[in-house]
Amino acid sequence: MFTCQTCGMEFDLAPSVLERYPGWTPKQCLDCKNKGAASSLGASPAKSKPSVSKSRDLTTAEVLATFRDGPQTGVFTDGAAEGNPGPGGWGAVLVVDGRVVTEDYGSEPHTTNNRMELKAMIAGLKMIPGDTPTDVYTDSQLVVNILTQWAAGWKAKGWQKKSPGPIANLELVKEAYALAQARPMVNIRWIKAHSGNRWNEYADSLATAYRRDQM
């Protein structure tokens, strides 16, 4: 297995391909490589559906006044960096029946998207008592895959991947995984970003609070 340096996802290649290039370590998955090739050829990018929200421009109060959809109970986490790396922030909120129980947020002057997503997940997991069934939502598929699929194997191998190179943000991965394992009734789930889910938008607003004068 290899880790794409563009999207962060793990991928594999056919043995016949690797045999043709002994010692070669691919740096991009095929999806990212194809996107780059299309861009270099001047292909017009596919038009994406307009975002339902631009919650990075909204305060938490404005988010609550704007959005109603999505789950109304659970922990919602989000993180982002401008520039990746660049300044970034993270946010987490615990909600029960549409009411905020607790929330937390923070920022770093020079960081990455994945680091902020992991920091948000750590903060969110800490909000949950160990024996409480809770859904924890993140819009990072990478974080979901790390905690539900990959981390167990990495730990079993002494925190090593099958692919060459270290595990990115290993100290945060270890902390998040330990917190998740200590909460066996937690269900870590992916939620689509900027699709009008009220509490995901709220977590996003917490994560970008460092750039605004108001929450």
Side-chain angles (χ1 to χ4, degrees), residues 3-10 27-29 31-33 35-36 38-40 44-67 70 75-93 100 103-127 136-147 165-173 175-176 188-215:
T3 300
C4 178
Q5 296 184 5
T6 300
C7 68
M9 299 294 287
E10 288 203 338
K27 299 186 182 301
Q28 281 187 313
C29 65
D31 284 345
C32 291
K33 188 171 183 178
K35 287 176 184 176
S39 176
S40 66
S44 299
K47 292 183 178 180
S48 58
K49 184 178 180 180
S51 173
V52 171
S53 79
K54 293 184 179 179
S55 57
R56 66 177 54 209
D57 299 324
L58 301 179
T59 66
T60 52
E62 290 169 332
V63 167
L64 294 178
T66 304
F67 303 103
V75 172
F76 300 79
T77 72
D78 198 16
E82 296 179 82
N84 198 32
W90 57 268
V93 58
V100 175
E103 63 186 45
D104 198 4
Y105 62 99
S107 62
E108 293 182 1
H110 191 73
T111 189
T112 64
N113 286 337
N114 291 342
R115 184 175 179 83
M116 292 295 91
E117 294 282 10
L118 284 164
K119 293 273 281 190
M121 177 59 65
I122 288 167
L125 289 169
K126 287 180 177 178
M127 296 175 179
V136 180
Y137 296 92
T138 172
D139 57 28
S140 170
Q141 290 183 329
L142 178 65
V143 170
V144 173
N145 287 339
I146 286 173
L147 297 182
I167 298 169
N169 302 304
L170 179 57
E171 77 285 3
L172 298 181
V173 170
E175 184 176 1
I188 297 172
R189 304 180 60 180
W190 178 78
I191 192 169
K192 187 175 180 180
H194 305 304
S195 59
N197 290 302
R198 188 184 210 191
W199 296 108
N200 176 253
E201 305 287 358
Y202 190 98
D204 179 80
S205 184
L206 291 175
T208 57
Y210 72 95
R211 299 194 295 101
R212 299 189 301 271
D213 293 332
Q214 293 179 298
M215 281 291 297

Exercise. Apply side chain to side chain contact (heavy atoms under 4.5 Å, CB included) to R189 and V144, showing your working.
Key: CA-CA 7 Å; R189 304 180 60 180; V144 173; over 6 Å; no
Quiz item: How close do A92 and A120 get, heavy atom to heavy atom, and via which atoms?
Solution: CB-O, 3.7 Å
Practice problem: Answer whether the closest heavy-atom distance between the side chains of D78 and L206 falls below 4.5 Å. | Solution: no
Practice problem: Might you point out which heavy atoms bring L118 and V173 nearest each other, and give the distance in Å? | Solution: CD1-CG2, 4.1 Å
Quiz item: With V136, which of L125, I191, V143 fulfils side-chain contact (heavy atoms from CB on, under 4.5 Å)?
Solution: L125
Self-check item: Side chains of L64 and R198 in contact at under 4.5 Å (non-hydrogen atoms)
Solution: yes
Quiz item: Is there a side-chain contact between K192 and D139, using heavy atoms and a 4.5 Å cut-off?
Solution: no
Quiz item: Where the side chain of T77 meets the backbone of G91, is there a donor-acceptor pair that is under 3.5 Å apart?
Solution: no
Exercise. Please check if the side chain of T111 supplies one atom and the backbone of S107 the other of a donor-acceptor pair under 3.5 Å.
Key: no
Quiz prompt | E175 and K126 ion-paired at < 4.0 Å | solution = yes
Quiz item: Could you state the interatomic distance from CZ (R211) to CD (E82), rounded to the nearest 0.5 Å?
Solution: 4.5 Å
Exercise. Answer whether the closest heavy-atom distance between the side chains of W90 and D104 falls below 4.5 Å.
Key: yes
Exercise. Would you confirm whether S205, through its side chain, and E201, through its main-chain N or O, come within 3.5 Å as a donor-acceptor pair?
Key: no
Quiz prompt | Distance-minimising heavy-atom pair for V100 and E103 | solution = CG1-OE1, 3.7 Å
Quiz item: How close do N113 and N84 get, heavy atom to heavy atom, and via which atoms?
Solution: N-OD1, 2.8 Å
Quiz item: To the nearest 0.5 Å, what is the distance between CE (M121) and CG (L172)?
Solution: 12.5 Å
Practice problem: Test L142 against E117 for side chain to side chain contact (heavy atoms under 4.5 Å, CB included), laying out the working first. | Solution: CA-CA 9 Å; L142 178 65; E117 294 282 10; over 6 Å; no
Quiz prompt | Minimal non-hydrogen separation, Y210 against G89, with atom names | solution = CE2-N, 3.5 Å
Practice problem: Report yes if some heavy atom in the side chain of V75 is under 4.5 Å from a heavy atom in the side chain of W199; otherwise report no. | Solution: no
Practice problem: Applying side-chain hydrogen bond (donor to acceptor under 3.5 Å, both in side chains), run through S195 and N197 and close with a yes or a no. | Solution: CA-CA 6 Å; S195 59; N197 290 302; 3.0 Å; yes
Quiz item: How about L58 and Y202: do any of their side-chain heavy atoms sit closer than 4.5 Å?
Solution: no
